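Letters A, B, ... are given to chains in the order of the sequence lines, protein chains preceding strands, and every chain is numbered from 1. Since we're looking at a predicted model, the values are computed, not measured.
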Amino acid sequence: MNNIIPVKVARAEMITPLVRHFTLRAVDGLPLPVFAGGSHVIVSMYADERVIKNPYSLLSDPADTGSYGIAVRLQEASRGGSRYMHEAVRVGDMLEISRPVNLFPLDTLARKHLLIAGGIGITPFMSQIHDLKRRSAAFELHYAVRSLANAPFAQHLLNENPGRVHLYADDQGERLDLDALLGDQPLGTHVYVCGPQGLMNGVRAAAQRSGWEAVSIHSEAFTAPIAGAPYTAVLARTGQEIEIGPEQTLLEAAEAAGIYPNYMCRGGVCGVCETRVLDGQVKHLDHYLSAEDQATHQKMMICVSRAACERIVIDL
Amino acid sequence: MPFPIKSKPNYCLLAADWTGRHHILIGQGAGSEAMLRAARQLVAAAAPVEIHFNSDQADTALIDELKGLSKASSITSVTIYPHARAVLSHLAEILDTARMGSRFYVAGSEAFLWDVTRIAARFGVDPIVIQREATGKDGRNVYCIHCKTTLTNVTTNIVQCPHCHRHLLVRDHFSRFRNAYMGVCADAEVPGERPPVEEIAR
């Protein structure tokens, strides 16, 4: 709904058993928007019964306006988005993407950038590394993977960035020692982490133990909305009632009913979709509201959170 | 109450930040009392504490007390610099080898506080990890926007630029980049017609 760019799938290839790499080009042949490394786009997928919208980091060179690259990991407990991207999308198909949004920018005044990736969390760093090299900035990438066979783009990154990429394969017993890494960095280093929740928590905790201030710690969570019990939402402005299915978010249900609330990240981190709750209890699944706000049950992030009861009344 | 002009800096009383892994105190002149106060709090720190102080125009009794702190086990070093710029020159060396987890406590004139902050910024240190306590009676640095001269120790609201001779209105807009308040021609429309000269509080 907001600034959609129709794109065509120019290439699609499996680069590991679970990861599919797509190259997207604008349908109208015009240049795609320039973006800063760390940006993502929201891909709209028109599956049989519903529209699925998932954010995917742009991994291509931000200066390349001819095409965008994204990589999708097939999630076992998928709501359908990654499965759709793996099984239903073919080369030549059209997709709709949003304009790029950046919630994970580099801090350009940093003296050194420490990039820590876990699995598919490598994607935002790939576009950032293009920007870092263009600026001749100091950086290191520490990339933790389950196995070398499941290490998307690892060989490419090692080849392109000799001496700056460190790979840790779990099945080889290689461990990233976060306390050792974060305990001895020069002043002015910023750390960026993207990957599973455990890795992100680990980096934050290690950084705090070593006395890093919060402004130097950056993270991007790839949280897919969590399923839950179905419930009814009453849209107070019109009195309309909508049903939210177990695999569906309130935002998606509203859109399916022809109502288009504001949103940006669809991942519970940016705050744009905050909606007032007039009645009912909320099951908060976001990373945006403070604990105090969550306790009041007067606000919810409709892109990820759910009702904790059967019926909720919201200001929409 | 915060100043209506957002860029006008606010200062604090130096206070130990126990989340730090290394405490670095830097001071000058009238900042000796603040430096002592902060150092005495940090004596209880498990992390190393180093003190760098420019004694030019400082109270000698307080300098002696600072030197005496080096006997405390947690205070790793107390270095006294006799010359005004010496501590700033040494600062770059300190920053080059310092690690993440360091905290900075600075006390001295306003101009000194921002000299330190600007040098630290070259090393990627965010101003938020530097505590600044403004001390002493020094006036403002004022930047003449017309001829780009920086005047020092300005204590009045109108001051004459020694280079271009314009009479400047000293505004509360402060540039961290230039370490100076904005000075703009006070009588551009009708030369000679200026507001009365008044003393300004820092």
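In this structure, the side chain of R103(B) engages the main chain of G211(A) through a donor-acceptor pair within 3.5 Å.
Surrounding CE of M182(B) are at most 12 heavy atoms belonging to other residues, nucleotides or ligands under 6.0 Å away. Atom CZ of R276(A) has 12 or fewer heavy atoms from other residues, nucleotides or ligands within 6.0 Å. Crowding of R146(A) atom CZ: a count of heavy atoms from other residues, nucleotides or ligands under 6.0 Å not exceeding 12. Within 6.0 Å of the CZ atom in R85(B), the count of heavy atoms belonging to other residues, nucleotides or ligands does not exceed 12. Around CD of Q57(B), the count of heavy atoms belonging to other residues, nucleotides or ligands within 6.0 Å does not exceed 12. Around NZ of K112(A), the count of heavy atoms belonging to other residues, nucleotides or ligands within 6.0 Å exceeds 12.
The shortest side-chain heavy-atom distance between E213(A) and M100(B) falls under the 4.5 Å cut-off. Counting heavy atoms from C-beta outward, R99(B) and P186(A) have side chains that approach closer than 4.5 Å.
Ranked by non-hydrogen atom pairs under 4.5 Å with chain A, the options S102(B), A98(B), A121(B), A47(B) are led by A98(B).
For D17(B), no part sits under 4.5 Å from any heavy atom of chain A, backbone or side chain. Looking at L109(A), the atoms closer than 4.5 Å to chain B (heavy atoms on both sides) all sit in the backbone: N, CA, C or O. Only the side chain of I128(B) comes within contact range of chain A, with at least one heavy atom under 4.5 Å from a heavy atom of that chain. Only the backbone of S210(A) comes within less than 4.5 Å of a heavy atom in chain B; its side chain stays farther off.
A pairwise comparison of heavy atoms in R111(A) and L95(B) identifies NH1-O, 4.1 Å as the closest pair.
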